[in-house]
Q: 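Below is one structure. I have some questions about it.
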Amino acid sequence: MLVTGNDILIPARAGKYGVAAFNTNNMEITQAIIHTAEKLRSPVIVQMSEGAIKYGGQDLANIVKDIASRASVPVALHLDHGSSYASALNAIRMGFTSVMIDASHHSFDENVAETKKVVEAAHAMGISVEAELGRLGGIEEHIVVDEKDAFLTDPQEAVTFVDATGVDYLAIAIGTSHGAYKGKGRPYIDQARIEEIGRLLAIPLVAHGSSGVPAEIVQRFRDSGGEIGDAAGIADEDLEKATQHGIAKVNVDTDLRLASTVGIREVLKASPKEFDPRKVFGPARDVMAQVIEHKLRVLGSVGKA
Ligand SMILES: O=C(COP(=O)(O)O)NO
Ligand SMILES: [Ca+2]
Ligand code: NA
Ligand SMILES: [Zn+2]
């Protein structure tokens, strides 16, 4: 069933498990996410960035809403990295049940002001809101945040921010970053910082940049003709630990991008004569389902629906 972000994340925070928020851009990605969540009796969040809305629009949002509404587990449709009040309201008009307003690259006061506006409007319509405090490294959609500017979330500031805005869940910068290159080798996750913020805030916390970039998928990507440098993602045990101290929503996009491309590359390489799209996109869906299953198990949301 299609529900709000709070319907999924408040129980997750209380139950000390993480709920994956997977980015989608088409039908097959959406099917892999929701069907795997149903198979494992897991709640799940399907999210669309502004780029995905540009790419698939209301057509894609309607595919997500339709599959979600018929699903046997709770599913929320979430706007990822909404860049403005207008963008958040547009998503709500499209039927999203959760929206992120990401004003973390602005000053603290501007972030508070923008977030407050979205919270008031969204709550008037029964929609949950995510905001962000602190800056991740890597590329945040259009904003490139280089390492020295990437700053981690201050626990006291987080309390002030949540009190001032009434936001439902808070994305915090704890060492993760977007994309396949999350720093040299295993990214350092500031667990002490998560524990401190989790002690001070009862609301669900959000970890962005949480793809694991599994070595096996990276190898298959290379073996099927893909080119990628020494990619690294967050370690499973770091993610598991974070969910014990308040992280309840865990954003994953890169892993599905890699998995779907592996599925497609392997078919095209093995069967040069193939041109039935179902034979190309079907395997993409299967590889994504494997990656999704692994993530749901790592986060502990299996059987929670
Ligand atoms: O934070 C993410 C995705 O992060 P990854 O690049 O690690 O999948 N989306 O908002
Ligand atoms: Ca941000
Ligand atoms: Na988000
Ligand atoms: Zn993100």
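All ligand and atom numbering here is 1-based and tracks the order in the structure.
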Q: Where do Ala52 and Asn25 come nearest, in terms of heavy atoms and distance?
A: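 Result for this residue pair: CB-OD1, 3.1 Å.
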Q: Is the shortest heavy-atom distance from the side chain of Phe161 to the side chain of Val159 under 4.5 Å?
A: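 Contact flag for Phe161/Val159 side chains = no.
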Q: For Glu114 and Ser84, does a side-chain donor sit closer than 3.5 Å to a side-chain acceptor?
A: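 No donor-acceptor contact under 3.5 Å links the two side chains.
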Q: Just give me the atom name: the N, O or S atom of Glu132 closest to the Ca ion (ligand 2).
A: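 Result: OE1.
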Q: Checking a contact table here: which protein heavy atom is nearest atom 7 (O) of ligand 1, and how many Å away?
A: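 Answer, as residue, atom name and distance: Lys182 NZ, 2.5 Å.
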Q: Taking 4.0 angstrom as the limit and counting only heavy atoms of Asn23, give me the atoms of ligand 1 inside it, by number and element.
A: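 Near Asn23, the atoms of ligand 1 are 9 (N).
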Q: Is a donor from one side chain sitting under 3.5 angstrom from an acceptor on the other, for Ser260 and Glu28?
A: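 Looking only at side-chain atoms, Glu28 and Ser260 do not form any donor-acceptor pair under 3.5 Å.
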Q: Would Val302 end up clustered with Val252 when hydrophobic side chains under 4.5 Å apart are linked, directly or stepwise?
A: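 Hydrophobic grouping puts Val302 with Val252.
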Q: Can you list the atoms of ligand 1 that are under 4.0 Å from a heavy atom of Asp80?
A: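 Near Asp80, the atoms of ligand 1 are 9 (N), 10 (O).
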Q: Are there over 12 heavy-atom neighbours, none belonging to Phe281, within less than 6.0 Å of that residue's CZ?
A: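 12 or below, so no.
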Q: Quick one: look up the protein heavy atom nearest atom 2 (C) of ligand 1 and list residue, atom name and how far away it is.
A: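 Going by distance alone, atom 2 (C) of ligand 1 is nearest to His178 CD2, 3.3 Å.
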Q: Return yes when at least one N/O/S atom of His81 is nearer than 3.0 Å to the Na ion (ligand 3), and no when none is.
A: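 For His81, the answer is no, given that no N, O or S atom comes within less than 3.0 Å of the Na ion (ligand 3).
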Q: Looking only at heavy atoms, is any part of Ala21 under 4.0 Å from ligand 1, and if so is it the side chain, the backbone, or both, or is it neither?
A: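 For Ala21, no heavy atom sits under 4.0 Å from ligand 1.
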Q: Measure from the Na ion (ligand 3) to each N, O or S atom of Asp80 and report whether any distance is below 3.0 Å.
A: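 An N, O or S atom of Asp80 is closer than 3.0 Å to the Na ion (ligand 3), so yes.
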Q: Should the ring pair His81 and His178 be called parallel, tilted or perpendicular, given that the plane angle runs from 0 to 90° and is split at 30 and 60?
A: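 The arrangement is perpendicular - the two ring planes meet at more than 60°.
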Q: Can you pull the side-chain hydrogen bond (donor to acceptor under 3.5 Å, both in side chains) pairs that have at least one residue in residues 6-16, sequence neighbours excluded?
A: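 Checked against side-chain hydrogen bond (donor to acceptor under 3.5 Å, both in side chains) - neighbours excluded - the pairs reaching residues 6-16 are Thr4-Asp7, Asn6-Asp168.
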Q: Any atoms of ligand 1 less than 4.0 Å from a non-hydrogen atom of Thr254? List them with their elements.
A: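 Within the 4.0 Å cut-off of Thr254, ligand 1 contributes 5 (P), 6 (O), 8 (O).
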Q: Any luck finding a side-chain donor-acceptor pair between Ser301 and Ser42 under 3.5 Å?
A: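 Judged by distance alone, the side chains do pair up.
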Q: Report the angle formed at the Ca ion (ligand 2) by atom OG of Ser104 and atom OD1 of Asp102, rounding to the nearest 10°.
A: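 Between OG of Ser104 and OD1 of Asp102, at the Ca ion (ligand 2), the angle is about 80°.
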Q: With heavy-atom distances below 4.0 Å as the criterion, list the atoms of ligand 1 near His208.
A: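 Atoms satisfying the 4.0 Å criterion: 1 (O), 10 (O).
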Q: List ligand 1 atoms under 4.0 Å from His81, heavy atoms only on the residue side.
A: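 Going through ligand 1 atom by atom, the ones under 4.0 Å from His81 are 10 (O).
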Q: Would one find an N or O of Val252, backbone or side chain, under 3.5 Å from an N or O of ligand 1?
A: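 Between Val252 and ligand 1 (N or O atoms, distance only) the closest approach is not under 3.5 Å.
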Q: Of the listed options (Asp253, Val206, Ile234), which comes nearest to atom 3 (C) of ligand 1 when hydrogens are ignored and any heavy atom counts?
A: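 Result: the heavy atom closest to atom 3 (C) of ligand 1 is in Asp253.
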